[in-house]
Amino acid sequence: MSDRVREVVDLVRERLVFLREIGAREVTRVAAPAQRGSAPIQARGSQAEGPSRGAPATAGKGVAPAAAGAGARAAAQVEVLETAAPSLLDADRYVLPPGASPAEGLEALRVEEIGDCKRCKLWRGRTRIVFGSGNPKARLMFVGEGPGADEDDQGLPFVGRAGQKLTEIIEKGMGIPRSEVYIANIIKCRPPENRDPEAEEIAACEGFLLKQIDIIRPKVVVALGKFAAQTLLRSKMPISSLRGRFWRYRDCLLMPTFHPAFLLRQYTPENRRIVWEDLKKVKQALDAPDGSVR
Ligand code: URA
């Protein structure tokens, strides 16, 4: 067996072990990451599930059957709920200067706009600003709460234990290299003792995240955990009700799911299965023809 074949076999084995661990009963197709504007990846078949328990009052109103794209062999159904944050649907979008690439837009935001930010009190305790990292043209973005000690130390999001779990979920679970997605947080500086960010800290920082989303223009944003989901959706609903379905969010689909740190704390077969179910839907939406679910 050549080294390359052995490497591939090892990767497949690792992925299968991980999938078994999270209770996966079928393996999703691993598609090559598509660039924006390229030919759509065809969905394999409908695995749609309607809104489950705890549906909000608006649930179902904006349900949009999706993915009837020409040429799709068997179109996936991606159900999208109305957003809990209508003001963010109407809000202005940040538009890149003509000719600027998403990478340049992000860099300008990081250096020129955020700079050595002192807009809220968190600057006093931070080591580094954790701007975000990944592919500036990612079709999939993850948003967490805020940096912890490891992230503050390295200036990168999700590099501690929760980050390792997230990487495992993305790479072994979803079959996507971490470098292909973009990862950021609601706030960019570590709160003391990892407490929840306060309203004024969010108000000072969230605009930067919105700009990142507008620049990257992912198809799907995954909100990790209660805090990120409730903040992005302007909702007080529990994560158990928000998760598992797509919400319209600006120009993307937003899927709330459990935070990897919660998963680490309560590593039960049920919680692993739940996250896996949510991320299967995300994969399905990513694989559905572009334009059919947005
Ligand atoms: N938890 C988060 O929400 N974000 C990080 O970057 C790390 C841990």
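No experiment lies behind these values; they were computed from the predicted model shown. One-based numbering, in listed order, for ligands and for the atoms of each.
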What side-chain donor-acceptor pairs closer than 3.5 Å can you find for residues 167-176, not counting sequence neighbours?
unit_1 : atom_1 : unit_2 : atom_2 : d
Thr167 : OG1    : Gly163 : O      : 2.8
Thr167 : OG1    : Arg178 : NH1    : 2.9
Glu168 : OE1    : Lys165 : NZ     : 2.6
Glu171 : OE2    : Arg178 : N      : 2.6

- Message: For the aromatic rings, using the six-membered ring if either is Trp, is the centroid distance between His259 and Phe142 under 6.0 Å?
- Response: no
- May I ask which of Pro197, Gly146, Ala162 has a heavy atom nearer to atom 5 (C) of ligand 1 than the others do? Gly146
- Protein contact of atom 8 (C) of ligand 1 - nearest heavy atom, named by residue and atom, plus distance: Phe158 CE2, 3.8 Å
- Message: Applying a heavy-atom cut-off of 4.0 Å, say which part of Glu151 lies close to ligand 1: side chain, backbone, both or neither.
- Response: side chain
- Is it true that the NZ or CZ of Lys188 lies under 6.0 Å from the centre of Phe208's six-membered ring and within 45 degrees of the ring axis? no
- When you check the side-chain N and O atoms of Thr127 and Asp153, is any donor under 3.5 Å from an acceptor? no
- Item | Minimum-distance protein heavy atom relative to atom 4 (N) of ligand 1 | Asn185 OD1, 2.8 Å
- Not counting sequence neighbours, which residues clear salt bridge (Lys or Arg N to Asp or Glu O under 4.0 Å) with Asp3? List them please. Arg6
- Item | Contacting atoms of ligand 1, where contact means under 4.0 angstrom from a heavy atom of Gly144 | 3 (O)
